[in-house]
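Whatever order the structure lists them in is the order used to number ligands and atoms, beginning at 1. Heads up: numbering here begins at 1 and tracks the sequence.
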Amino acid sequence: MKILVAVKRVLDYNVKARVKADKSGVDLSNVKMSMNPFDEIAVEEALRISEAGKADEVVAVSLGVSQAQETLRTAMAMGADRGILVESDAELQPLAVAKLLKHVIEKEQPDLVLLGKQAIDDDSNQTGQMLAALMDWPQATFASKVEVGEGKAQVTREIDGGLETIEVTLPAVITTDLRLNEPRYAKLPNIMKAKKKPLDVIPVADTGVDVTPRLEVLEVNEPQARSAGIKVSSVDELVDKLKNEAKVI
Ligand code: AMP
């Protein structure tokens with residue numbers, strides 16, 4: 001069995017996003033970029049399936065700028081066998097990403113495709129679902145447990161108010177939720193080994209996929225600053241403020 005894992009290069013989750021002066025987007029100059037956290041979980045899950053003897057190859061795929069090769073090297077340092085970058089300097093929206101992943105899937109013929117449930121930069125939560133629709137494959141989103149069997153997988157999903165377990169036939173698309181696993185850290189010797197693993201770069205123009213953006217960003221704004229709170233000295237003062245200032249009781 002072959003597993004394909006989609007890994008996106010995003011603004012590191014510890015970095016505070018700064019909006020560009022012209023409000024056209026988030027300023028990504030000179031900031032730390034990392035693998036999307038949900039994609040780290042997807043890589044970890046692929047590796048665990050492989051280590052359990054249920055898969056023989058884990059291929060990491062990224063779509064975007066040349067520097068996304070670093071993200072692929074991280075996936076390979078964690079344990080992925082090889083990487084594929086579909087290189088594009090243009091912004092790639094979820095539909096374009098899904099179409100490009102379809103292109104890679106048609107070449108690679110994986111039995112399972114793992115993605116994060118969402119990318120923490122655009123928060124779209126669309127790519128996995130669009131990919132499953134384009135492939136006409138079953139999908140299991142928001143996975144908190146994955147058990148791969150003969151030609152099928154049982155997936156426990158986090159839904160409102162509980163957990164749902166479904167079975168999908170393979171090939172299928174699975175998207176990962178936060179509680180699926182805790183991703184491993186890449187060890188130094190594995191970081192060194194990853195430098196020698198194969199990484200194919202495919203120019204987006206060679207795929208023949210139309211990646212024209214379908215959505216236009218009108219404006220990006222910082223969240224409104226919250227005003228500072230105050231300390232009250234007694235319950236009576238609190239009740240008075242809630243009644244007469246906030247007028248909520
Ligand atoms: P989104 O639909 O943008 O929230 O992204 C959901 C998931 O799709 C991510 O967690 C990734 O696994 C995958 N994905 C989205 N964009 C890319 C990209 N440019 N390269 C690789 N994977 C991506």
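- Counting atoms of ligand 1 from 1 in the listed order, those under 4.0 Å from a heavy atom of Ser124 are 1 (P), 2 (O), 3 (O), 4 (O).
- Ligand 1 lies out of reach of Leu92, whose nearest heavy atom is not under 4.0 Å from it.
- Qualifying side chain to side chain contact (heavy atoms under 4.5 Å, CB included) partners for Lys102, counting only residues two or more places apart in sequence or in other chains: Glu106, Leu131, Leu134, Met135.
- When atom types are taken as modelled, the side chain of Arg73 and the backbone of Ala194 share a donor-acceptor pair closer than 3.5 angstrom.
- Side-chain atoms of Asn181 and Glu44 form no donor-acceptor pair, as typed in the model, at a separation below 3.5 Å.
- If you number the atoms of ligand 1 from 1 as listed, the ones under 4.0 Å from a heavy atom of Asp39 come out as 9 (C), 10 (O), 11 (C), 12 (O).
- Counting only heavy atoms of the protein, atom 21 (C) of ligand 1 lies nearest to Val7 O, 3.2 Å.
- On a distance-only criterion, Asn36 and ligand 1 share at least one N/O pair closer than 3.5 Å.
- Residue, atom and distance of the protein heavy atom nearest to atom 15 (C) of ligand 1 are Thr127 OG1, 3.7 Å.
- When hydrogens are left out, the protein atom nearest atom 22 (N) of ligand 1 is Ala6 CB, 3.5 Å; that is the closest non-hydrogen contact.
- Thr165 and Thr156 form a side-chain donor-acceptor contact under 3.5 Å, judged by distance and modelled atom types alone.
- Ligand 1 has no nitrogen or oxygen under 3.5 angstrom from a nitrogen or oxygen of Phe38.
- In terms of modelled atom types and a separation under 3.5 Å, the side chain of Lys107 and the main chain of Val104 share no donor-acceptor contact.
- Each of the following atoms of ligand 1 lies closer than 4.0 Å to a heavy atom of Asp122: 1 (P), 3 (O), 4 (O).
- A distance-only check finds no donor-acceptor pair linking the side chain of Thr71 to the backbone of Lys8 [under 3.5 Å].
- Taking a 6.0 Å sphere around NZ of Lys197, one finds it holds more than 12 heavy atoms contributed by other residues, nucleotides or ligands.
- Here the heavy atom of the protein found nearest to atom 14 (N) of ligand 1 is Val97 CG1, 4.1 Å.
- Distance from atom 7 (C) of ligand 1 to its nearest protein heavy atom, with residue and atom name: Gly116 O, 3.3 Å.
- Between the side chain of Asn36 and the backbone N or O of Val10, no donor-acceptor pair lies under 3.5 Å.
- Looking only at atom types and distance, the side chain of Thr212 has a donor-acceptor partner in the side chain of Asp210 under 3.5 Å away.
- Scanning the protein heavy atoms around atom 16 (N) of ligand 1, the nearest turns out to be Lys8 CD, 3.4 Å.
- For Glu57 and Arg82, the salt-bridge test passes: some basic side-chain N is under 4.0 Å from an acidic carboxylate O.
- Scanning the protein heavy atoms around atom 19 (N) of ligand 1, the nearest turns out to be Leu63 O, 2.7 Å.
- With respect to atom 13 (C) of ligand 1, the closest heavy atom belonging to the protein is Leu115 CD2, 3.8 Å.
- Interface of Asn125 with ligand 1, defined as ligand atoms under 4.0 Å from a residue heavy atom, comprises 1 (P), 2 (O), 4 (O).
- In terms of polar-atom proximity, defined here as any N/O pair under 3.5 Å, Ala119 does make such a contact with ligand 1.
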